[in-house]
Amino acid sequence: MLSSQIAVFPDAPAVAGEAARRWVEVARDAIAARGVFTVALAGGSTPETLYRLLAGPAYADAAMWARTQIFFGDERCVSPDDPHSNYRLAREALLDHAPIPTAHIFRMRGELPGPEAVADYAETLHREFALSPGDLPRFDLILLGIGTDGHTASLFPTMPALEAEALVAYSAVPSYVNPNVARITLTLPTLNAAAHVLFQVTGAGKAPAVRDALAGHAAADPSPAGRVRPTNGVLAWLLDADAASLLPPAR
Ligand code: 6PG
């Protein structure tokens, strides 16, 4: 059963503040229920504000961080210290500051050849989620962003990874994408198996993609982001006023 929520905030800091609040809420419920909180981080630049907030004193909850397992929704095929690495951004903004056990941080190894990186991460998911063949990992929380073309994670329109049925896929990127490097990404089945999916989107430039993605739930050809609909989970879109500016008035 899907329950989806759209929440609009005045600006990007308010979006990040709400995302942090929801992170803690999901984390504490997961830890209370199972003793662990599994989260896949979003790439790109939008989540940096959230990561720096979570690294700050307001979220210095040692018990929560000790039981948090960090995964990634996607990664560029670069070394982990490359300026384009999603891991590098997360490390600098959050992972170097929050008391997360190093053994609980599961990086996508984008520096490996594509097929090796995919197999490596799929094996990580099978191990850490104790999956049987054919199972999907059920992340407690997956953070996502959206590109102006409607891509999410590294699932781009027209690219084969969008239709992949495996847990993890390798993807080239369309010529217009910057940085124009290949990617490793969780796939739609994996995203849609999550208990909670949280989009953070800010800026007027994303308004058309947000409109299309949210309409996409009923459209014949939804964008990649429009196809993220957790099978049995919560889908939330946290938007600033600019990113929400093309949505129909709330009923
Ligand atoms: C990536 C991300 C990607 C990102 C969107 C939005 O690796 O680039 O996973 O899906 O979320 O492109 O990026 P911004 O937040 O930088 O606008």
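From a predicted model like this one, the values you see are computed outputs, not experimental measurements. Start at 1 and go down the list; that is how both ligands and their atoms are numbered.
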*Hey, looking at atom 5 (C) of ligand 1, which of Arg183, His151, Glu48 has the closest heavy atom?*
His151

*So which of Asp149, Thr46, Ile146 gets nearest to atom 6 (C) of ligand 1, if we judge by its closest heavy atom?*
Ile146

*Between Arg22 and Glu25, is the closest basic N to carboxylate O distance under 4.0 Å?*
no

_Taking 4.0 Å as the limit for heavy-atom contacts, which would you say applies to Ala153 with ligand 1: side chain only, backbone only, both, or neither?_
backbone

*Report the part of Glu75 (side chain from C-beta onward, or backbone N, CA, C, O) that has a heavy atom under 4.0 Å from ligand 1; answer both or neither where that applies.*
neither

*Got Arg28 and Asp61 here, is their nearest side-chain heavy-atom distance under 4.5 Å?*
yes

Numbered atoms of ligand 1 (with element) below 4.0 Å of [X], judged on heavy atoms:
X      : answer
Asp74  : 1 (C), 2 (C), 7 (O), 9 (O)
Gly145 : 11 (O)
Lys206 : 6 (C), 14 (P), 17 (O)

*State whether the side chain of Tyr121 and the backbone N or O of Phe72 hold a donor-acceptor pair below 3.5 Å, judged by distance alone.*
yes

*Side chain of Thr190, backbone of Leu167: donor and acceptor closer than 3.5 Å?*
yes

_For atom 13 (O) of ligand 1, what's the nearest protein heavy-atom neighbour? Residue, atom name and distance, please._
Gly44 CA, 3.9 Å

*Would you mind checking which non-hydrogen protein atom is closest to atom 8 (O) of ligand 1, with the distance to 0.1 Å?*
Arg76 NH2, 2.8 Å

*Please collect all salt bridge (charged side-chain N to carboxylate O under 4.0 Å, His left out) contacts where either partner lies in residues 49-60, sequence neighbours excluded, each pair once.*
Glu48-Arg52

*asked:* Quick check: Phe139 with Phe129 (ring centres under 6.0 Å apart)?
replied: yes

*asked:* If we only consider heavy atoms of Gln200, is any one of them less than 4.0 Å away from an atom in ligand 1?
replied: no

*Residues two or more places apart in sequence or in another chain: which of them pass side-chain contact (heavy atoms from CB on, under 4.5 Å) with Arg88?*
Pro83, Ser85, Arg91, Glu92

